[in-house]
Amino acid sequence: MCDLAHSHCPHRDSIWCHCEFGGVMLQHARNAWNETPQLTKTLCEIMPAVGCCLVALGVTGDQREWWDGRAFLTNLLTSFTGLMFAVPFALLVLSRLGEAHSELADQRAARRIARDAISRLTLAIDRTQILREELDEFIGRFPHSSRDEDSFPRLRDMAVRHKQEIDDLYEKWIVVRDVAALRLIESGLSLQGTVSIGDFGKRISDAQSASDALALDARRLIPDSYGIDPSVNLDRENFARRWQADLKYLAFHSQFSY
């Protein structure tokens with residue numbers, strides 16, 4: 001026989017695991033009972049007691065031959081007895097299984113929505129690769145003439161040509177933030193990334209603001225998040241670098257899990 005007090009006894013570990021599992025199941029059962037509506041509790045307490053009485057009546061009737069020649073009454077009593085046990089079982093067990101199935105279905109639907117939304121967002125970020133390459137070329141071409149008038153049209157043209165991609169990127173992010181993330185929360189899940197959702201969204205807003213500012217009038221409309229005074233001439237190289245940094249940041253942190 002194994003000594004249960006021995007620290008390395010496999011039987012003791014097995015008994016401990018079974019006790020722990022039994023405790024968890026008992027706690028779940030208590031929680032389920034506490035969450036059950038009072039009317040359901042009352043029915044589940046009364047109906048099995050009535051069913052037991054009917055079982056005793058049926059067994060006694062069989063022994064004393066009360067049911068001989070009373071086939072309909074026998075079937076009726078048998079059905080009613082089964083009902084006394086079936087209803088509590090359905091209310092307590094089957095309803096919980098249905099709720100669990102519904103929760104799993106909601107989580108699967110939420111994951112599917114999140115997966116599709118994140119996939120579209122990732123594709124939109126990938127499309128900004130061309131813009132990032134053009135910004136590299138711009139920064140390399142105008143390293144010492146960032147305030148030169150010749151540099152502005154090129155930077156502005158890039159913003160105009162890629163404005164649709166930047167706007168599309170922002171729209172895809174709105175779907176992820178306001179639809180997919182909320183649906184996950186409602187299903188008991190959460191959207192997680194390498195950075196906070198708020199910081200990721202701010203970088204997208206900054207990139208969109210930069211695109212809008214350059215497409216409209218870069219000298220007149222500059223987003224405050226870039227720390228540039230609209231009253232002075234735009235340091236286009238610095239602006240391009242900040243814009244490029246936002247796009248690279250989004251591409252690097254575009255992995256999400258849930």
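None of these values were measured; they are calculated from a predicted model. Values below: every heavy atom of this structure, side chains too, minus hydrogens, waters and symmetry copies.
- With T128 contributing its side chain and L131 its backbone, the two residues share no donor-acceptor pair below 3.5 Å.
- Atoms CG and NE2, on D106 and H101 in that order, are 10.0 Å from each other to the nearest 0.5 Å.
- In terms of heavy atoms, R203 sits closest to A245 at NH1-O, 3.9 Å.
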| query | Should T194 and F252 be marked as a side-chain contact (heavy atoms from CB on, under 4.5 Å) after you check the CA-CA gap, both sets of side-chain angles, and the distance that decides it? | reply | CA-CA 9 Å; T194 56; F252 184 77; 5.8 Å; no

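- Distance check, rounded to the nearest 0.5 Å: OH of Y249 to CG of D206 gives 10.5 Å.
- Interatomic distance, R127 CZ to I166 CD1, rounded to the nearest 0.5 Å: 10.5 Å.
- In terms of heavy atoms, G193 sits closest to F256 at CA-CD2, 3.9 Å.
- At least one donor-acceptor pair closer than 3.5 Å links the side chain of T42 to the backbone N or O of Q38.
- Checked by atom type, the side-chain pair Q107/E103 shows no donor-acceptor distance below 3.5 Å.
- The same ILVMFWY cluster, assembled from side-chain heavy atoms under 4.5 Å apart, contains both V195 and L184.
- Within the model, atoms OG1 of T122 and CD of Q255 stand 6.0 Å from one another, a figure rounded to the nearest 0.5 Å.
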Which pairs would a plain distance check flag for residues 49-70, meaning a side-chain donor or acceptor within less than 3.5 Å of a matching protein atom at least two apart in sequence or in another chain?
unit_1	atom_1	unit_2	atom_2	d
T60	OG1	A56	O	2.8
W67	NE1	G58	O	3.2
R70	NH1	W66	O	2.6

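- In the hydrophobic cluster analysis, where Ile, Leu, Val, Met, Phe, Trp and Tyr join through side-chain heavy atoms closer than 4.5 angstrom, L73 is grouped together with F80.
- Every pair passing salt bridge (Lys or Arg N to Asp or Glu O under 4.0 Å) that includes a residue from residues 170-192 is listed here, sequence neighbours excluded: D168-K172.
- Under the 4.5 Å side-chain heavy-atom criterion for Ile, Leu, Val, Met, Phe, Trp and Tyr, L191 and I204 are members of the same hydrophobic cluster.
- The two residues F85 and P88 come nearest to each other via the heavy atoms O-CD, 3.5 Å.
- W173 CH2 to I118 CD1: the interatomic distance, rounded to the nearest 0.5 Å, is 9.0 Å.
- Here the CG atom belonging to D116 is positioned 12.5 Å from the CG atom belonging to L121, to the nearest 0.5 angstrom.
- Taking both residues in full, the closest heavy atoms of I125 and L250 are given as CD1-O, 3.8 Å, listed atom of the first, atom of the second, then distance.
- Counting heavy-atom neighbours within 6.0 Å of Q164 CD, excluding the residue itself, gives a total of 12 or less.
- Linking Ile, Leu, Val, Met, Phe, Trp and Tyr whenever their side-chain heavy atoms come within less than 4.5 Å puts L43 and I46 in one cluster.
- Between Y258 and R115, the shortest heavy-atom distance links the atoms OH-CB, 3.2 Å.
- Both Y170 and I197 sit in one connected hydrophobic cluster of ILVMFWY residues. Membership requires side-chain heavy atoms under 4.5 Å apart, directly or through other members.
- For CD1 of I130, the number of neighbouring non-hydrogen atoms (other residues, nucleotides, ligands) closer than 6.0 Å is 12 at most.
- In terms of heavy-atom proximity, C44 sits nearest to L92 at SG-CG, 3.6 Å.
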